[in-house]
Amino acid sequence: MVLETFSVAFNNIRNQKLRSYLTLLGIVIGIAAIVSLIGIVQGLQNFIGSELQSLGMNSIFVEPGSEMGMTTAVSRSLKADDLDVIRGVPGVKDATGFWETSATMKFKDQEAEVLLVGMEPDKMFMLEDMGYVEITEGREFTNTDMFSVGLYSDFAEETFDDPIQLRQTVELNGKKFRVIAISKPNTFASSFGASNMVLVTKDVVQKNFDEEDPVELIVTVNNTSEITDVQEEIEKRLEKKHGSKDFYTMTSENLLSGADAILGLVGLVVFVIAGISLLVGGIGIMNTMLMTVMERTREIGIMKAIGASSNLVLSLFLFEAGLIGLIGGILGVVIGALIGLLASVAASYEGFPFSALPSMELIGGALIFSLVVGMISGWIPANRAAKMDPVEALRFE
Amino acid sequence: MAEAVIKAVNVVKTYNMGLVQVHALSGVSFDLLKGEFVSIMGPSGSGKTTLLDVLSVLSRPTSGEVFINKKPISKMDDNELAKIRGQTIGFVFQTFNLINRLSAKENVMMPLWFQGVPKGEREKIAEKILKDVGLGDRINHKPSELSGGQRQRVAIARALAVNPDIIVADEPTGNLDSVSGDQIMDLIVDLNKKHGKTILMVTHEEDIAANAERIVRLKDGKIIADEKVKKKK
Ligand SMILES: Nc1ncnc2c1ncn2[C@@H]1O[C@H](COP(=O)(O)OP(=O)(O)OP(=O)(O)O)[C@@H](O)[C@H]1O
Ligand SMILES: [Mg+2]
């Protein structure tokens, strides 16, 4: 019986072609907006979440500059001996830093600008824990590795015409270095455009390139529950040492909630836009259904005369309205998913490998929602049809 | 004496037209007995259609009571009235009132759908009845592809679909030429004589009305005559 109400409703919709299709537009736009934008937001959230998760929830990052500016490249306010201060803070498990400088790499007569990232060999496990480095070929760095480099596999393969192999020699600003390690690509770094990172020891940067101070410090704490206290203490001691707050600290949590706040705002805007188009769509469905009920007055009279109950008439028109909504929803989901797909492709092309395709929950939710919007919009017209007096309806010309 | 399948007691039907009140029926009492064929006659505006609507529970009287198989309709809700219209009474209208989008078969299937009959069975019943009324070769035609007489046959087939005891017809030949009209009347007489249907028919043609065994005459919303038809030999 339900199935048949459905198929009758469907035939009725098919019979009015253009008007129904126009009615669909608002719902289609609304659902497409919801599906694509929530898909993108969820994709970004998952992406950022998993990237930050891999950095570890017990990490504190100390960055130069102020939180607002985020001008890490320019300001070099952190000092090498800041690490000694940090290591003295209670609750700190480990601390290390990155020493960075740019250099020209030469390999078989080809040159490329690279970003040398110097790290402390005995703290390399921290970077490995956070997923910055995962050596697949070669060996770990030691303190005596003054002319050794480690390469990310994507960099090694793609930078020059010939791929760089383990144990081959490259030149950095004219000096010869040997490739002692190949690491899995670092998606987090490459997603922020640093696809030309080359790993060396901090001594290389300090002695060969005269960059005494680190650009970023990474701290791990013993106990995740104390992370905020440790963060505050580090800030206090460093500020005292520097004489001003020319740095800022962040935890994975801070980053995550910052990202969430921005995405939440985007989500809010999406909901407003989608809400408006769904409202317009709903009013459109209501209008169409009111016209349909009017036009089919006589038919409603006939149906009632030959035994249709008010409830059946009600459900028939509710189904029809719901179906218009659902068809709009299906089209909207398809269009929204296509937009999400395009966004994913564009994003991974730009180095953000995330999926903006809608989840099954999102698709299911959107479809149910469109059905419900249709039925709510159809409520008044369907009631009007159900309450119609059969005699009056039969007299209707 | 046979029992009354429809009984009207002092039925009044008033339409409110703004300030003016139209008394379409002013105190009509009437019994339709099981197996009877009754014609209702009267001048235009005398309340024939209104009476038919009230007797077939398509509308409720303003006052008075209508009994269907002895049950008062004032105690029934709208869904129960719908059930009576769907199971006990079959309607035939002057203007056919078919649904133009649907084929003859689909039109006939519709009242069965309301009674929850499964689709396969509905199709079988509809096809059989359409054959019985002589439209076996028009089953899938739309109303617009049929003549007036054929449309009225579809409407009669639809009225018969649920096999109701009572057939109610409001000027069933009113929109037909005399040849098709006679054919439709033959069909209706057959329903009464051969199939035992109780028939209540409105008409304003004497010779059509004479097909019935009893004629009720209305004027200004009142019954002015109720007499047996003298059978012509
Ligand atoms: N819905 C309505 N609203 C107002 N007045 C109505 C309504 N229906 C019928 N009437 C009035 O009630 C009276 C009886 O109408 P009804 O249709 O029953 O007459 P009838 O005998 O069937 O006439 P006809 O032979 O022309 O079909 C008429 O005066 C008509 O104008
Ligand atoms: Mg009439």
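The structure presented is a predicted model; accordingly, all values stated were derived computationally and were not measured. Residue numbers start from 1 in every chain, and the chains themselves are labelled A, B, ... in the order their sequence lines are given, proteins ahead of strands. Quick note: numbers below take in every heavy atom, side chains included, and nothing from hydrogens, waters or symmetry partners.
B:F91 contributes atom CZ, which lies 13.0 Å from atom NZ of A:K304 (distance to the nearest 0.5 angstrom). From B:W113, atom CH2 reaches atom CG of A:L312 across 5.0 Å, with rounding to the nearest 0.5 Å. The CD1 atom of A:I306 lies 4.5 Å from the CZ atom of B:R158; values are rounded to the nearest 0.5 Å. Within the model, atoms OG of A:S309 and CG of B:D78 stand 10.0 Å from one another, a figure rounded to the nearest 0.5 Å.
Here the side chains of B:L58 and A:L394 are in contact, with some heavy-atom distance below 4.5 Å.
Within the 4.5 angstrom heavy-atom criterion, atoms from both the backbone and the side chain of B:N97 approach chain A. Interface residue B:L98: only backbone heavy atoms are found under 4.5 Å from chain A.
B:T95 and A:R298 share a donor-acceptor pair across their side chains, judged by distance under 3.5 Å alone.
Residues of residues 358-389 of chain A lying within less than 4.5 angstrom of chain B, judged on heavy atoms, are A:D389 in numerical order.
Taking each heavy atom of B:Y15 and A:R395 in turn, the nearest pair found is OH-NH2, 4.5 Å. Contact between A:A308 and B:A82 at its shortest, heavy atoms only, is O-CB, 3.8 Å.
Heavy atoms from other residues, nucleotides or ligands lying under 6.0 Å from NZ of B:K13 number more than 12.
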